[in-house]
Amino acid sequence: MLHTLTLSTRYWSFACYYFTSVVICLSSFYKYLKRNERKRVKARAKANEKLAVKRAKNSNRRLSVWERLNEEQPGLTEASPFVNPDWYFSKREYFKYCFLGPILVPIRITLILLFIMCGSVFGNLCMFNLKDKSKPLSTFRLLVRSPVKLFARLILFAMGFHYIPVTGRQAGKDKASVLVGNHVSFIETFYIGLLGASPVSKKENAEIPLFGALTSALQPILVDRLDPNSRKNVIKEICSRAQSKDWNQVVLFPEGTTTTGKALIQFKVGAFAPGEPVQPVLFFFGNNAFNFGMTSAGPSLHVLALRVLCQPNNNMSVHFMNPYNPSEEEKKDPKLYASNVRKLMATYMKVPTTEHSYDDVCLQIEALKVKRDDMSADASSMELKSLKKIVEIDKESAKELVKDFIRMDTNQSGRLDLSQFKKLFEGPFERTPVVDVEHLFHLLDRDDEGTIDLKEFVLGLALLNAEPTDSKDESVKLSFQVLEGGKGGGGIDMADLTTVLSQVYPEMGLDKIKAIVKEADADKNGVISLDEFLDMAERHQELALSGRGFWAKLF
């Protein structure tokens with residue numbers, strides 16, 4: 001009877017465990033099971049389709065800078081590398097999560113923790129009583145560290161990566177000092193443990209319990225993002241290790257962040273600064289139930305990890321390309337070196353290259369705070385590098401503009417109407433009747449929707465605030481269009497322009513300003529045309545007819 005009672009208790013315990021697991025899974029992912037998620041996807045697709053049709057009908061946009069932005073961003077209509085196409089669950093994933101999750105997740109998490117603990121033991125033994133961590137490990141310590149490779153592979157096995165096809169071969173330090181790879185998810189970081197190379201990693205990764213021991217055993221080059229000098233120190237350390245015969249290879253992801261794997265974004269130059277040969281290592285994640293991209297516009301880390309653990313089998317393949325030996329020109333120009341390697345990798349991967357960079361991720365994180373269904377994809381297409389070709393703007397300035405947009409978007413629609421836009425200029429702008437804020441609003445409204453979105457707002461305000469390096473910069477043209485006020489005369493009345501300049505530069509005196517404006521009117525018709533305005537800006541650069549100082553005094 002006691003034996004029967006024991007068996008009955010075990011069965012009930014298992015049943016309670018399974019039922020509890022199902023309840024936890026369903027409750028923790030309740031927001032992903034709601035029908036509203038599918039509606040958001042359809043709404044975003046419908047909004048983008050509607051916007052594309054409207055843009056096609058209205059090809060003559062009022063602000064020419066939009067045409068130039070499209071020229072700088074030829075792939076603007078393509079999917080952003082920072083927006084995971086499988087952000088939301090499919091019906092098949094719901095099934096796997098609800099029924100396979102309670103079985104696979106506990107087992108896999110237990111095995112992963114066990115392998116991490118075992119690996120951390122050897123990692124700690126390897127680094128035990130090591131006084132000078134700035135020098136390469138001795139042969140004995142490397143031997144003690146060798147089981148870490150085994151446990152790194154077992155961790156991947158526990159995640160569902162049972163078989164990882166590898167083509168090509170990892171080159172030795174004498175043929176390639178640096179390994180560079182594309183970065184999609186957290187999964188590649190475990191594969192780095194198999195390479196025996198020193199990674200470039202965030203300082204916080206070395207402080208994670210248990211996992212930090214594995215990271216430290218690889219003698220990583222740590223990046224402290226709070227230290228302004230960290231970037232220079234990291235590049236200096238990469239050069240030192242790459243050029244030394246005593247150190248192992250250095251491995252890093254030159255993109256600097258994770259993407260969907262559908263494109264290669266801009267490479268940072270750290271890996272190429274030493275001018276030593278590099279070997280590209282390509283990671284492919286094909287034939288999976290969803291995209292593994294750990295992007296800012298996508299599932300969070302813990303959600304993505306659970307999705308991986310719920311799959312019976314996951315697929316990843318690795319390809320080692322031939323070492324790339326730089327030319328003398330590439331050794332002198334790391335940016336050229338990085339660009340050529342990126343093109344080579346993209347060609348083999350059969351994916352495009354894009355002007356996106358790590359700064360775009362930072363901008364997108366701010367943009368995602370805008371409560372609009374289709375905002376993530378739209379904001380992520382604002383490539384800072386392309387914007388910089390039009391106007392001087394940095395990451396922090398762009399983020400501040402995004403914050404201004406969020407502050408003004410009181411109804412959280414993701415778009416500003418005229419009344420909301422005017423709040424930006426509330427106060428003294430009324431004393432300048434020449435400057436029509438409503439006309440400025442319509443200039444920025446490239447789609448004639450009666451509202452402006454985040455991209456239109458950021459570029460427009462960046463042009464207003466920028467200090468142009470060229471008198472014929474787009475910001476000067478915008479100044480002309482704003483001051484013109486949409487009048488049918490095709491120019492700015494001399495009297496109106498004199499009034500504006502006298503308000504902005506009272507120290508110059510009214511007579512001098514009148515003389516400058518009169519000189520600018522080459523055809524003597526009493527109206528300053530665009531060409532005349534640009535010539536005046538070039539001849540009298542002390543006027544600074546655009547930029548933060550000009551508009552701050554005007555408004």
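- The side chain to side chain donor-acceptor pair (under 3.5 Å) pairs that include a residue from residues 146-163 are His162-Asn313, where partners are two or more places apart or lie in different chains.
- Using a 4.5 Å cut-off on side-chain heavy atoms (C-beta onward), Phe157 and Phe115 make no contact.
- Of the possible polar contacts, one joining the Asn84 side chain to the Asn291 backbone as a donor-acceptor pair under 3.5 Å is found.
- Only one option out of Thr259, Ile192, Val180 pairs with Phe253 in a side chain to side chain contact (heavy atoms under 4.5 Å, CB included); it is Ile192.
- Lys173 places a side-chain N or O within donor-acceptor distance of the main-chain N or O of Ser244, the cut-off being under 3.5 Å.
- For the side chain to side chain donor-acceptor pair (under 3.5 Å) test with Gln170, the passing option among Lys175, Gln279, Gln249 is Gln249; the others fail.
- Between Ile265 and Arg342 the shortest heavy-atom distance is O-CD, 3.1 Å.
- With respect to Leu309, the side chain to side chain contact (heavy atoms under 4.5 Å, CB included) criterion is satisfied by exactly one of Ile107, Ile112, Leu100, Leu104: Ile112.
- Of the possible polar contacts, none joining the Asn182 side chain to the Leu264 backbone as a donor-acceptor pair under 3.5 Å is found.
- To the nearest 0.5 Å, atom CG of residue Asn340 and atom CD of residue Glu330 are 4.5 Å apart.
- Note that CG of Leu194 is 7.0 Å distant from CD1 of Ile164, once rounded to the nearest 0.5 Å.
- No more than 12 heavy atoms of other residues, nucleotides or ligands shown are found within 6.0 angstrom of CG on Asn287.
- Within the structure, side chain to side chain donor-acceptor pair (under 3.5 Å) contacts touching residues 124-133 (residues at least two apart or in different chains) are Asp132-Ser134.
- Between Leu214 and Phe151, every side-chain heavy-atom pair lies at or beyond the 4.5 Å cut-off.
- Listed for the Thr110 side chain is a donor-acceptor partner under 3.5 Å among the backbone atoms of Pro106.
- Ring geometry for Phe161 versus Phe292: interplanar angle over 60°, hence perpendicular rather than tilted (30 to 60°).
- Checked by atom type, the side-chain pair Gln311/Asn288 shows no donor-acceptor distance below 3.5 Å.
- Note on residues 234-244: pairs passing salt bridge (Lys or Arg N to Asp or Glu O under 4.0 Å), not counting sequence neighbours, are Glu237-Arg241.
- Between Tyr191 and Val251, the closest side-chain pair of non-hydrogen atoms is not below 4.5 Å.
- The backbone N or O of Gly275 sits nowhere less than 3.5 Å from a side-chain atom of Gln243 that would complete a donor-acceptor pair.
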